A.B. asks: 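Got a structure for you, questions after.
Every value quoted in this text rests on a predicted model; they were computed, and no experiment measured them. All ligand and atom numbering here is 1-based and tracks the order in the structure.
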Amino acid sequence: MAQQQVVILGAGHGGFQLSASLRQVGFDGRILLVGDEPVLPYQRPPLSKDYLDGKIGFDLLLMRPEAFYGDHRIELLTGARATGIERAEKRVRLAGGEALEYDHLVLATGARNREPPIPGLELDGVCYLRNLAETDELRARLAAAEHAIVIGAGFIGLEFAAVAGGKGKPVHILEMMDRVMGRVVCPRTSAFFADAHRRAGVEFQFGAQAVRIAGNSGRVAGVELAGGERLHADLVLVSIGVVPNTELAQMAGLAVGNGIVVDDHLLTADPNISAIGDCAVYPSRHATGAMTRLEAVQNAADHARCVADRLVGKPRAYDALPWFWSEQGPLKLQIAGLTNGYDQTTLRGSLEADEFSVFCYRGGTLLGIESVNRPADHACARRLLAAGRQIAPEQAADDSFDLRAAAMTRAA
Ligand SMILES: Cc1cc2nc3c(=O)[nH]c(=O)nc-3n(C[C@H](O)[C@H](O)[C@H](O)COP(=O)(O)OP(=O)(O)OC[C@H]3O[C@@H](n4cnc5c(N)ncnc54)[C@H](O)[C@@H]3O)c2cc1C
């Protein structure tokens with residue numbers, strides 16, 4: 001049945017893409033795109049890269065200019081926070097008291113910063129990097145900072161360190177695990193990035209647990225570690241990951257775990273409610289069907305396209321290949337596939353030349369590829385993995401082996 005009125009909660013990457021894709025695939029009903037941020041939908045990745053660096057302004061972050069929404073009959077509500085879903089009435093409540101009726105509701109509420117359970121988070125100079133407002137504050141504080149501490153050596157913390165280091169600011173990164181980006185890349189890639197950041201002047205402390213942010217007259221003065229050590233800083237970036245925004249779904253009686261639970265069509269147990277992007281946990285073909293929640297633009301945008309197709313009567317199971325990227329100074333990291341559970345890695349290219357790919361295998365099956373400054377490898381990797389094609393570790397390691405030809409070969 002055609003869905004006449006679609007309400008989308010969250011106007012980030014997934015929400016915006018869904019509104020645009022619905023029109024692209026010919027949806028003719030009403031589209032309401034509801035976002036709690038007070039600005040037009042914008043791209044998040046540059047926040048921790050060129051925008052933080054001051055190389056680009058907000059205009060270049062915009063998904064589309066304002067006229068796009070009117071031209072495509074997308075009713076955009078900014079600064080509007082959804083507070084409840086009344087499933088029986090098929091209605092959403094907003095913080096201002098208004099009610100929006102839907103035929104189909106899509107939850108695209110993303111994720112929010114994870115906060116460590118330590119004292120001192122309220123101090124002036126404790127920053128986060130998730131949205132425009134936080135980035136604007138961080139950008140201003142970075143300009144005046146003399147010494148920054150980053151808690152958490154994930155993508156965001158490392159991207160911040162690259163920008164701050166480029167401005168000549170000393171940066172000290174504290175990480176509980178024993179390596180950088182430990183949840184997403186293999187030890188070889190971690191070690192490469194840690195070395196590159198060290199050469200650029202970043203200091204690391206691994207196995208370090210921050211237990212308190214210390215202050216002086218309400219201002220950040222440093223961070224205390226579990227062992228009693230105290231490090232000085234006038235800016236502390238907390239970047240220890242995110243938690244999915246699942247509360248609306250949970251309050252409405254929908255299943256939530258590490259995200260809003262959806263099936264392989266991205267539908268919740270309620271046939272009138274879907275969930276997409278960072279807030280959704282779904283069975284991924286690329287993780288042998290395991291429930292998976294990803295934080296990536298590709299994931300949010302491809303989820304959106306899949307739901308748009310379903311809402312115009314062309315349902316299909318979601319099976320897009322996951323891929324990610326990060327930019328840290330001169331290093332561009334691109335990851336194709338999900339590498340969890342690999343038992344063998346093979347290097348192609350040269351660590352010394354800062355251009356290489358690590359092929360990750362489990363039981364001889366290629367799971368994913370991490371590439372640094374090798375965009376052609378990444379493009380081939382995506383084709384290979386999406387088609388379910390294999391290359392042997394010996395072929396991957398051999399720089400004369402034609403990866404492109406292997407990626408382009410049609411299955412017999
Ligand atoms: C600084 C930064 C850098 C990143 N860099 C990369 C990168 O290089 N590559 C990459 O692949 N990914 C990157 N990501 C991740 C990527 O941006 C996210 O995976 C993507 O934005 C997820 O899209 P989404 O629509 O699920 O959520 P979001 O884009 O986060 O949008 C969710 C929106 O919903 C709003 N919202 C939440 N609750 C409500 C409510 N109750 N009512 C109304 N609105 C609500 C939120 O405020 C937000 O605007 C980065 C993220 C950040 C923060």
A.B. asks: Answer yes when R293 and D278 have at least one side-chain N-carboxylate O distance shorter than 4.0 Å, and no when they do not.
C.D. replies: no
A.B. asks: Can an N or O of H13 be found at a distance shorter than 3.5 Å from an N or O of ligand 1?
C.D. replies: yes
A.B. asks: Return yes if a side-chain donor-acceptor contact under 3.5 Å exists between D377 and S357, otherwise no.
C.D. replies: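 Distance-only check passes for D377 and S357.
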A.B. asks: Would you kindly specify which portion of L248 sits under 4.0 Å from ligand 1, judged on non-hydrogen atoms: side chain, backbone, both or neither?
C.D. replies: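 Answer for L248: side chain.
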A.B. asks: Once you restrict to heavy atoms under 4.0 Å, what part of A300 touches ligand 1? Side chain, backbone, both or neither.
C.D. replies: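 It is the side chain that gets close, since no backbone atom is under 4.0 Å.
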A.B. asks: On a heavy-atom basis, I'd like to know which of D36, L18, N299 is closest to atom 47 (O) of ligand 1.
C.D. replies: D36
A.B. asks: What I want to find out is whether D28 reaches R73 closely enough, with some N-O distance under 4.0 Å, to be called a salt bridge.
C.D. replies: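 The answer is yes: the pair qualifies as a salt bridge.
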A.B. asks: Which atoms from ligand 1 have a heavy atom of E37 less than 4.0 Å away?
C.D. replies: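 So the answer, numbered in order with elements, is 47 (O), 48 (C), 49 (O).
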A.B. asks: Counting both backbone and side chain atoms, is some N or O of W325 under 3.5 Å from an N or O of ligand 1?
C.D. replies: yes
A.B. asks: Identify, by atom number and element, the atoms of ligand 1 in contact range of A296, meaning under 4.0 Å from any of its heavy atoms.
C.D. replies: 11 (O), 12 (N), 19 (O)
A.B. asks: Mark the output for E327 as yes if a heavy-atom distance to ligand 1 is under 4.0 Å, and as no if none is.
C.D. replies: no
A.B. asks: Search all heavy atoms of R362 against all heavy atoms of D343 and return the closest pair with its distance.
C.D. replies: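 R362 and D343 have their closest heavy atoms at CA-OD1, 3.4 Å.
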A.B. asks: Is I156 touching ligand 1 with its side chain, its backbone, both, or neither, if touching means heavy atoms under 4.0 Å apart?
C.D. replies: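 I156 to ligand 1: side-chain contact only, backbone stays beyond 4.0 Å.
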A.B. asks: Going by the atom numbers of ligand 1, which of them fall below 4.0 Å from some non-hydrogen atom of E295?
C.D. replies: 19 (O)
